[in-house]
Structures are given as C-alpha cells and as structure tokens.
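Please read all numbers here as calculations on a predicted model, not as lab measurements. Every chain is numbered from 1, with letters handed out A, B, ... down the list of sequences. Heavy atoms only: backbone and side chains are in, while hydrogens, waters and symmetry mates are out.
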Amino acid sequence: MELLCIRQWISGLLPTWLSAWCIKPVGGALVRQEPEYILLALMGSPLKKIMLCSSEKEIFSVEEQVMVQHSVIINNMIEDGSYNHEESKIPLDCVDSKTLKKVIDYCTHHTHHHNDNQEDLEAWDAQFLNVDSNGLYDLLMAANYLEIRNLLDLIYGTIKNMIKGKKIDEIRRIFNIKDHGFTPEEEEQNRKEYPHFY
Amino acid sequence: MEMTKRINYKNDLPNELIMEILTRLPVKSLMRFKCVSKLWFAIISNDSFAKSHFERSASSSHRILCHGDGELRSIDPDLLFHKDPHTTKLSIPYSLSAYVRIQGSCRGFIMLQEFPDLVIWNPSTGVNKRISYDHLSPGNLESGIILDSFMFGFGYDARRDDYLAIIVWCDVNGRRFLEYFSVRINKWERVEIALPRPSMDAAASLSSPGYYLNGAIHWDTSSDSILVFDMIEREFFEIPLPEPLGKEFMSCCLELLGGFLCLSVWRESKKTEIWVMKEYGVASSWTVYRIPKSNFDPLYFTKSDEIIGFPSLGGLAKYDEKGELRECMENWNYEYHFWMYLESLLSLPSSSGIAWKEE
C-alpha cells in the first residue's frame, strides 16, 4: 500500500485528541510526531520512496534506494537536493507509462536479487527483453535518458547479437533507414562489388 | 523465418546510440555495415571511432594468420578445433610472392618482408603501405652490410601516435645500426647503436622476427636475455630469462602467444616447457607449463590459460596448466607458418594527417 494512503487511513481512524499529544522518542528526547508515523515505526521502518511521473502523467512510487543505485540522473537529483521527498515527483516527459513500469521492474529486480547467481540473472534479463518491436526502442531511449548503465549494456548486447550476421537490407529494415544517403551510382557499385552483403 | 524486430519506428536513433551499438560489433561486421548508409560509413571510417573500437575490443580480437601453399588465410583461434573453422582467404598485397616473410604485427597491422620491400598491411581493412629498403642492398652502401644480420621489427609509438618499421643490421667492421622508418615522417633514419649485452652481437644474427608487445619490440637472441626496443624512449633494454630456467637446455625460443611473452624450451627429457610471462616485466610471474611431448611447438594461449600447439608427430593439441591434454585433432597441416595478429579498423597516419590507402 502507498505510504500516502496508509497515513491518510490511519489518521482517519484515530481520535483527534490523540494526534495532538502523540510523542515519540527521538535520540533520547520525546518529540511530538504524527501518529501514523509512530504506528509505522512500530510495524517496521518505512522504506523511503520517491515518485516518478511518466509522460502520460501517471505517478509511480519506487523505493529511493532502487532508483538511486541504477539511474545516474535520479541519483544526482537526490544528492544535489533538488528532490523534496514531501512534495516533489520527478517528471519524465520522454518516458511513457508502459516503459517506465518496465524500467522500474528492471531496477527493482536487480537491487533485490543482486546476490542471485549469474545464470538466473541472465535468464531473467533474457525474459525481460522479450518485448514487442517498439518496446526495445522505448526501453533504449529511457535507459539512455535515465543513464542506467547495466540496462544499457544489456540492450546494446542484445541489439549487437541481433544484427551481427545480417544482410544490409535487413539492417536497414531493423533500423528503419529509409534513406541510406548513397547516390544511385554508389549504391549500384556497392551491390556489384559485394553482392553477398545484400 | 521469423522477422527480426525493428529497433526504431519513431525517429532515427541519435548518432551517439548508433556509435554505442557499432562499437560493440566485430571488425568483420563493421566492414560490411559500411554499406548500410552514408552515416554508418562515416562513423565506421572515422579514425577516432577506429581507435576507441580497438581499445574496447583488443583483448578479444585475436586472429591467426596462416601462411602456406602460396596462400594467406585468417583463422579465429576460438574455432581451431571446430570441424569448419571458417578460415578467410586473404589476398597478399602487391603480389608479393609465396616466399614473403612476416616480420611483425601491431594493432591490427602486419609487416610483410620480401627484399627490397616492406609492406605494412591491415588484413581486416585491406589498407596497406609499401616501404622500400633498397638503400640497404649491398651494392648501395660503401661499407659492406652483412645481409644475414638483419633483424626486422614493427611497432607503435604511443607518444607520437606513429608506427615504426625497424631494421637492425651489422656491417663488416662489427658496427651495429638501427635503421627506422617512421610512417609520419615518411623516410628512413639511421643511428649507430650498441646492443645492451656484448654476447647478443653474435647471437643477434639469427634474424628472429620482432614481437611487438606493450609498446616495445622483442627479439630472441639466444643469449641470457630477451632484447627489447622501447618505442617511446627509442632505446634498447633487456629482459633476463627466468632464473629457475637454468642453463641446461637444448633450445629456448621466444614466442608471443595471445598477448604474453613465452619461452619454448626443449631439454633432454621428453617434455617441452613453455614459460609464460603472465605479468609483463615481472620476473616472478614466469609460469611453467610442462607439455608431455618433446618438440611441442606452441601456437596460441587461450583465455582459459590453456596452450594450443603442434606436437611434433602432427596434429593440433590443447593442454592445460597441469600439462593435461584437453583436446586434440589429427588432421592439421603443419607445413604452414603461423602468426598472431589483432583485428582492427585502424589506418596508418600519414605525414599530412590523411589515412593511407595504397593498392
């Protein structure tokens, strides 16, 4: 359940006089504190979360630790203090919801499972990249924008294997290269000299 | 057949991302992909791209040049034991004859030698440059040259971003000279030198090819140490043979296997010792591989610390660190000469800063 929701739910249940008098030990002293935090503190410390906002204005709540570990951009934002936990959300105008969800999925899995053995991680990665034709492009652009090094390496490795032995016409189709830029004479010359490339 | 997914459907991939993809591809694919588009052609032909591609992939782009039967072939060392190793036939540049000798290789270039020519050649791209050493033919010099004394070498000077072709030779009066051709300056220079150890003078006439490694050229001199020429300092040094090697051996040959200096030692016993200098310049890093075959001729040192080579009775064999046979193949023609080189897209600098391409 979202942190925001929990807080609202708890404060809705408690009588108002309790809110005014709740105290909690902080560093040896007793300090007034919102009761919902105390309850959560008793349940176990709440994980710090951050809000990411997709291009479609959908908000995703993620553990701060997960995103900071993977995305250089988000790590920099948190470190230089431009992100205010209470209020801000990070707008990611060039990443749509579907892609953002995938990216968060990747980062979360790799943070929580970083002790898994190599084979399991690689199998998970392979399954993760089993996306439809447009998805790979969107993932690549998102990973590049957020500067997520290991996801980028994974995608580049996959693309490399995809194109390594392919013919020129196939490469042009994969990369949607409509205008190759060669003059008709140059193109003809290439095809004549290296017919097996095409 | 399933169609490969398309990667971009919206806008073209930004150039930086295309470069990131291209920089991970092997040289062979890149040479082909020059035909994909003008943009890809420009990226792949670019000197800085070639340099960063080389730096990224140098350790994984070893190839073996196989010279025999008047043919030159290129083999992927990882496929040596496969039924179909996909060897690539190469055309010898300048129609040099079948007697051409390989005298060095460095950063994807190979130096071929056949009097009076030296040809610097990148087999992966076809780029080549011919240099004549006609001025060193006996008729052209006043004091007699001892032709047998020629020691060739080819290397890269990282400080000046330049390549040097080197001939070390001796005249009848016993004076020794270093003759070097800088690709950037585009002419021969000569300097009189003395080898670091007098005993090398006699031994150095055995004309071993020069092995380029870590910014220096190494020659086998059959004396107590390896002769080294530092490309940046332009000076001669020596690397002593490992002490535990001792002096009781029938022969000791210097080789360069998979990026490591190696000594191939034949003794009275029925074993061949291959001494590998695992850390360049560190005397304590010499590691011995004891191959249970006499006269074993090593060819390649794999990433998993195994040695591939030719047992004297024929075939090809792979041994591990403990001297255990891992793999072997019967039919292998040992009449060929082999040379290790790297695949690269690099081109030679020219004195005017434009890459050379001569046919």
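Heavy-atom contacts from other residues, nucleotides or ligands closer than 6.0 Å to CD of B/Glu327 number more than 12. Applying the 6.0 Å contact sphere to CZ of B/Arg56 captures more than 12 heavy atoms from other residues, nucleotides or ligands.
Looking at B/Lys34, only its backbone comes within 4.5 Å of chain A, counting heavy atoms on both sides. For a residue to count as touching a neighbouring chain, one of its non-hydrogen atoms must lie under 4.5 Å from one of that chain's; by this rule B/Leu17 touches chain A with backbone and side chain alike.
Distance check, rounded to the nearest 0.5 Å: CD of B/Glu20 to CG of A/Asn144 gives 8.0 Å. Of the inter-residue distances, the one linking B/Trp40 atom CH2 with A/Ile171 atom CD1 reads 5.5 Å to the nearest 0.5 angstrom. Note that the CG atom of B/Leu22 and the OH atom of A/Tyr156 stand 10.5 Å from one another [nearest 0.5 Å].
The nearest pair of heavy atoms linking A/Lys166 to B/Phe33 is O-CE2, 3.6 Å. Nearest heavy atom pair, residue A/Ile168 against residue B/Arg32, reads CD1-O, 3.3 Å. Between B/Cys35 and A/Tyr194, the shortest heavy-atom distance links the atoms SG-CD1, 4.2 Å. The two residues A/Gly181 and B/Lys38 make their nearest non-hydrogen contact at O-CG, 3.4 Å.
By the 4.5 Å heavy-atom criterion applied to side chains, B/Leu39 and A/Ile177 are not counted as neighbours. Proximity of A/Phe175 to B/Val36: side-chain heavy atoms (C-beta onward) are nowhere separated by under 4.5 Å. Using a 4.5 Å heavy-atom threshold, the side chains of A/Lys164 and B/Pro26 count as touching.
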